[in-house]
Amino acid sequence: MNEVAPMEQFSEKPLVEACARAPVGLLAELTHRCPLQCPYCSNPLELDRVNTELTTEQWQDVMRQAADLGILQIHLSGGEPTVRKDLEDIVEVAAKAGLYTNLITAGVTLTRDRLKRLKELGLDHVQLSIQDVDEANAEKISAYKNGLEKKREVGKWVREFDMPLTINAPIHRHNIENLPNIINFAVEMGAGRIEVANIQYYAWALKNRASLMPTRAQVLKSAEIVEEAKERLKGIMVFDFVVPDYYAKTPKPCMGGWGRGVMNVTPQGRVLPCHASESVPGLEFDNVKDRRLADIWLNGQAFQKYRGTSWMKEPCRGCPRAEIDFGGCRCQAMAFTGDPANTDPACKLSPHHLAFVAAAEAESGVANPPPFIYRRMSPAKAPAAE
Amino acid sequence: MNAETPRTRVIIVPASKPALPPHIKLRHDPGRGRWHVLAPERVFEPDPIAIEILKRCDGVNSVEEIASELAKDYNAPLQEILADTISMLQELSDKGVIKA
Ligand code: SF4
Ligand code: SF4
């Protein structure tokens, strides 16, 4: 735009100093319960049971500790956070502690009164997820009836109460062709921000990868659509575009680097460097019931294990991008190569990269993908042991 | 396309009166000894000039008034400061950080 380049002085990137002291954000998975059953859910395959969830007081304590530690933003997530009847009590304490509060919801269990109350208690922002803007397809993806109508309503309330709205749209082969309409939907809803988030293939999404993976051509097309819309909607709606890393050349710095910017607390109170990190063997997860958050962040084994760059092997070790992408995602390295300390296979320098890309190309090229395995609590199994 | 409120991009001019919307928070972080701007799923670290500008974005001061105050405080040419202020505020407006 001009040579002053003001955003260089005002960028979200150089948070190095801020991160060194404490994570910037905390993802609070208040519950794994959810009325929807999206086959790409980021929750673990082994879902935490309701009777093992942290109590109201325990969550409130997590909020206070988070603020003391220097965390700035709390993302209240799930599952579906609004199925917890004490969401208001948790938000109240978080807001009072000075945290920026973000509700990540599918919307279908929210009421107008509750949203109004949440706003009064200090809720700062609502992120509403949609499955598709085609009603029948949305139903098929979420295994939930009339969800879209409900979401429209929720979006209206958010705007009625003059709260900022983000539309979160997880993208995959079953809705990628609808992207222009999804973007229009977000504009109509009055969203100030949209996340066009290609699914990341962990947890349920990995299980369903063969049903969900879009083709490379589809992904390229979607990137063009986003570029065009971004220009057209400048100053009206902010875009966040997440590409599927199967078609990338370098990996994403997952969570901005392990144990660097974010921490995640599960419904049972386990503290994770990333929501998928329970799939990585050899990590010991501390629980907020036993240990202070600050101590876990600074000294917890799971956080220390892959923090920084000293754990790296070739080709990451000594790579000029080591401090940029931190070798990508440990969970993906584990899932695809069997060793979490390996380079993320999304990196073109990984010896597994070609096989990784070939898997995506083969699966996305199948005309009739396999049916979804929906996200459900496995009824036969006992509650996950702590 | 737009059934309800048609929205348009805000263009910042010297007479604009910028303000932080209620969901954007300029906060001092005593632990880190610095200022942050908290926005939906975003945290910014404004530099000292940006902080001075943002502190003055109260919906009452115009861009021109903000710039002339800064020009005085920093003993710098007004036209330069004004141009910098406008371009910074335009970027921030496009990012949804300020309204005008
Ligand atoms: S992804 Fe779907 S199933 Fe998982 S928590 Fe979100 S709405 Fe529920
Ligand atoms: S080799 Fe490792 S550090 Fe280098 S680009 Fe690939 S993943 Fe990143």
Side-chain angles (χ1 to χ4, degrees), chain A residues 1-22 24-25 67-70 72-73 75 98-100 102 104 123-127 156 159 162-166 168 180-181 183-185 187-190 192-193 195 232-238 240 261, chain B residues 1-12 16 20-54 79-100:
Chain A
M1 199 163 74
N2 59 43
E3 65 294 317
V4 187
M7 295 316 288
E8 264 163 45
Q9 324 150 10
F10 197 94
S11 145
E12 62 261 54
K13 274 185 214 109
L15 271 172
V16 187
E17 270 184 65
C19 292
R21 179 175 166 267
V24 175
D68 287 347
L69 174 56
L72 305 170
Q73 295 190 321
H75 308 285
L99 295 162
Y100 192 97
N102 174 23
I104 300 179
L123 181 67
D124 289 302
H125 174 246
V126 176
Q127 178 185 310
K156 280 203 188 109
R159 300 307 297 143
D162 205 17
M163 299 172 81
L165 176 68
T166 289
N168 168 270
N181 295 328
I183 294 170
N184 288 349
F185 175 87
V187 174
E188 278 168 33
M189 298 299 289
R193 194 169 157 269
E195 287 178 5
R232 176 165 49 87
L233 296 169
K234 197 171 191 177
I236 295 170
M237 193 163 73
V238 178
D240 257 343
Chain B
M1 173 177 95
N2 205 331
E4 302 206 306
T5 41
R7 297 180 295 156
T8 45
R9 182 184 180 199
V10 170
I11 301 297
I12 303 292
S16 305
L20 276 88
H23 64 276
I24 303 289
K25 293 181 173 154
L26 177 67
R27 255 192 213 150
H28 188 249
D29 177 348
R32 296 182 179 88
R34 58 189 311 148
W35 290 82
H36 290 121
V37 174
L38 304 181
E41 318 239 356
R42 284 269 182 290
V43 177
F44 300 99
E45 287 184 349
D47 73 359
I49 300 277
I51 294 165
E52 290 312 312
I53 293 174
L54 287 169
Q79 281 318 309
E80 222 170 86
I81 296 277
L82 184 62
D84 286 1
T85 307
I86 287 176
S87 66
M88 170 179 281
L89 289 173
Q90 184 66 54
E91 297 264 8
L92 294 181
S93 172
D94 289 346
K95 293 216 157 192
V97 173
I98 59 144
K99 56 177 191 177

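All chains are named by letter (A, B, ...) in the order of the sequence lines, taking the proteins before the strands, and each is independently numbered beginning at 1.
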Return yes if some donor-acceptor pair links the side-chain N/O of A/Tyr100 with the main-chain N/O of B/Arg42 below 3.5 Å, else return no. no
Let me know if A/Asp124 has heavy atoms under 4.5 Å from chain B in its side chain, its backbone, both or neither. both
Checking A/Leu99 against chain B: side chain, backbone, both or neither under 4.5 Å from a heavy atom?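 Contact with chain B involves the backbone of A/Leu99 alone.
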Looking at [X] and [Y], what are the two nearest heavy atoms and their distance?
| X | Y | answer |
| --- | --- | --- |
| B/Ala39 | A/Gln73 | O-NE2, 2.8 Å |
| A/Glu195 | B/Glu41 | OE2-OE1, 3.5 Å |
| B/Asp94 | A/Val238 | O-CG2, 3.6 Å |

Let's go through B/Arg9 and A/Lys234 carefully: what are the C-alpha distance in whole Å and the side-chain angles of both, what is the deciding distance for side-chain contact (heavy atoms from CB on, under 4.5 Å) to 0.1 Å, and is it a yes or a no? CA-CA 7 Å; B/Arg9 182 184 180 199; A/Lys234 197 171 191 177; 3.9 Å; yes
Pick from A/His75, A/Arg159, A/Met163, A/Met237: which one has the most heavy-atom pairs with chain B under 4.5 Å?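 Between A/His75, A/Arg159, A/Met163, A/Met237, the count favours A/His75.
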Looking only at A/Asp162, A/Thr166, A/Asp240, the option with the highest number of non-hydrogen pairs under 4.5 Å against chain B is A/Asp240
